[in-house]
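Structure, as structure tokens:
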Amino acid sequence: MNEVRTRFAPSPTGYLHVGGVRAALFPWLVARHYNGKFILRIEDTDRAREVGGSVDIIKQSLEWLGILWDEGPGVGGAYGPYFQTQRTQYYHQWAMRLLDSGRAYADIRQPGELEQLRADAQTKHKPFLIRDYRPANPPSWKPGMPLRFKSEPQAYSWHDEIMGDLTAGKDAVDDFILLKSDGLPTYNFGHIVDDQEMHITHVIRGLEYIASMPKYLNLYEALGFNKPLFAHMPHIMGPDGKKKLSKRDGAKSVLDYKQEGFLPEAMVNFLALLGWNPGDGREMFSLDEMVDSFSLDRVQHSGARFDERRLIWMNGSYIRLLSLDELYDRCAQYWPVEAKGYDKTYKKQVLKLLQERLKYLSELPELSRSFFVDLPLNPKLISTHKQLAKYDNQSLKRLLETSLVDLKDCDFSVDKLNDRLNGLLAKTGEPPAVLFSLIRIATTQAQASPPLAESLAVIGKERTLKRIVRQIETL
Ligand code: GLU
């Protein structure tokens with residue numbers, strides 16, 4: 001087989017959401033699987049929709065996830081340039097061939113004209129095909145005029161690497177614009193020329209393009225190009241499973257996930273499973289394992305639902321797999337300001353406790369603050385606590401006083417603390433849900449925390465006792 005060459009061809013219209021990144025990941029996996037090349041091409045011919053800075057954002061998003069391109073912006077390559085607006089000579093050249101062979105015509109109809117014909121056909125319940133209304137005597141084409149493809153209708157059968165064997169009747173083939181009046185190609189024309197010039201072997205893209213396949217096949221033939229393999233990926237549906245995930249409905253940028261402390265390896269793993277599974281029930285993969293097992297014929301046909309809770313779960317699982325040193329390194333930017341001045345050893349003790357609970361790294365400030373400072377007392381923690389709310393202040397006070405006495409002469413190692421705390425349960429006759437919750441609230445100002453003895457050992461004896469005294473005083 002020739003070298004496998006796949007591409008990701010985003011338009012620079014803003015940030016990449018998870019759907020956009022998966023459109024890069026699948027072709028990247030195919031390229032890596034076959035030791036081929038992955039190309040990044042920027043389809044920037046729609047100037048009106050362009051959003052400044054998008055290319056950088058796209059590059060940063062891919063780089064963060066390790067979806068690196070072998071050719072494209074910033075990297076170069078033998079088939080550049082990789083921005084469509086810099087490739088006009090190619091489109092022009094192939095457009096002229098079509099014109100010369102009678103497979104294209106200048107279309108200078110007023111914008112409203114075709115719409116009117118379409119509306120008329122609709123009222124008559126007739127299918128509307130532009131090719132039925134070709135201008136009788138088109139002017140000879142000159143730069144500045146739109147150029148339209150002259151199709152040759154026929155039925156098609158073709159294979160899609162994901163969707164299987166497909167067919168379409170003649171009516172799916174129609175004329176379409178190749179070059180716009182600004183001289184730039186439409187997507188329909190530009191991508192076919194580029195895929196040919198860049199020797200792309202697998203066109204892997206979103207399902208929204210599958211309906212246009214008969215038109216594209218007709219154009220491949222008119223141009224005399226060999227057809228690459230085609231694979232149309234299922235849509236990614238929003239959380240309700242009904243609508244396609246979209247920016248309009250709040251789909252976030254992948255860089256927001258980066259900011260929130262999602263790990264790139266978790267994100268990639270999650271994205272790979274949006275529509276694909278290896279068929280053996282595995283859920284967590286390293287990048288290498290994904291590259292190894294990925295195949296287009298195991299991509300599902302139906303839409304894949306984007307479930308952020310699953311991403312959060314997966315991220316937490318990846319956090320737990322990190323060594324303490326790796327976790328420490330990754331947390332560098334997430335510590336709360338209150339952690340300033342604390343050394344690495346202490347912070348690692350804190351992380352060791354939190355590693356089980358962190359779902360993403362930006363939770364760190366909230367979960368760790370009480371290890372660094374005395375937080376202001378929050379009376380709601382007791383009044384809204386399921387068990388503690390039933391106790392009056394005097395009883396709670398007595399419980400804390402008893403605890404204080406026993407903790408005062410306790411060595412603050414985890415084992416000793418566990419013994420002492422269990423002893424306190426026996427002594428007071430209260431269940432952990434009451435006594436430990438109370439001590440936890442007094443010492444961490446939170447209803448939930450890592451195991452109590454471990455937490456107190458890190459907070460230290462002096463601060464623990466001081467915090468209990470402070471709580472007693474307010475009761
Ligand atoms: N520029 C198109 C888009 O952003 C690319 C589609 C393709 O991969 O061919 O959706």
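Counting starts at 1 for both ligands and their atoms, following the listed order.
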Matching residue for T6 among R32, H202, K37, H33 - test: side chain to side chain contact (heavy atoms under 4.5 Å, CB included):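 It is H202, the one option of R32, H202, K37, H33 that forms the side chain to side chain contact (heavy atoms under 4.5 Å, CB included) with T6.
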
Before signing off on this row, confirm whether A9 and ligand 1 have an N or O atom pair separated by under 3.5 Å.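 Among all N and O atoms of A9, at least one is under 3.5 Å from an N or O of ligand 1.
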
How far is atom 6 (C) of ligand 1 from its nearest protein heavy atom, and which residue and atom is that?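 Result: Y187 OH, 3.4 Å.
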
Please state whether R7 comes within less than 4.0 angstrom of ligand 1, counting heavy atoms only.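 Yes; R7 lies near enough to ligand 1 that a heavy-atom distance drops under 4.0 Å.
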
Would you mind listing which atoms of ligand 1 come within a distance below 4.0 Å of any non-hydrogen atom of E43?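 Atoms satisfying the 4.0 Å criterion: 1 (N), 2 (C), 5 (C).
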
Within the 4.0 Å heavy-atom shell around Y209, which atoms of ligand 1 are there?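 What qualifies from ligand 1 is 2 (C), 3 (C), 6 (C), 10 (O).
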
So that I can tick it off, tell me whether K348 and D325 are bridged by a salt bridge, with the cut-off set at under 4.0 angstrom between side-chain N and carboxylate O.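 Looking at K348 together with D325, the answer is yes, because their closest N to O distance falls below 4.0 Å.
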
Test item: L217 and Q154 side chains (from C-beta on) under 4.5 Å apart, heavy atoms: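 Contact flag for L217/Q154 side chains = no.
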
Can you tell if the side chain of I130 reaches within under 4.5 Å of the side chain of R109, non-hydrogen atoms only?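 A side-chain contact exists here, since the closest heavy-atom pair is under 4.5 Å.
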
Using the benzene-type ring in the case of Trp, are the ring centres of F306 and F270 under 6.0 Å apart?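 Yes, the ring of F306 comes within the 6.0 Å limit of the ring of F270, centre to centre.
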
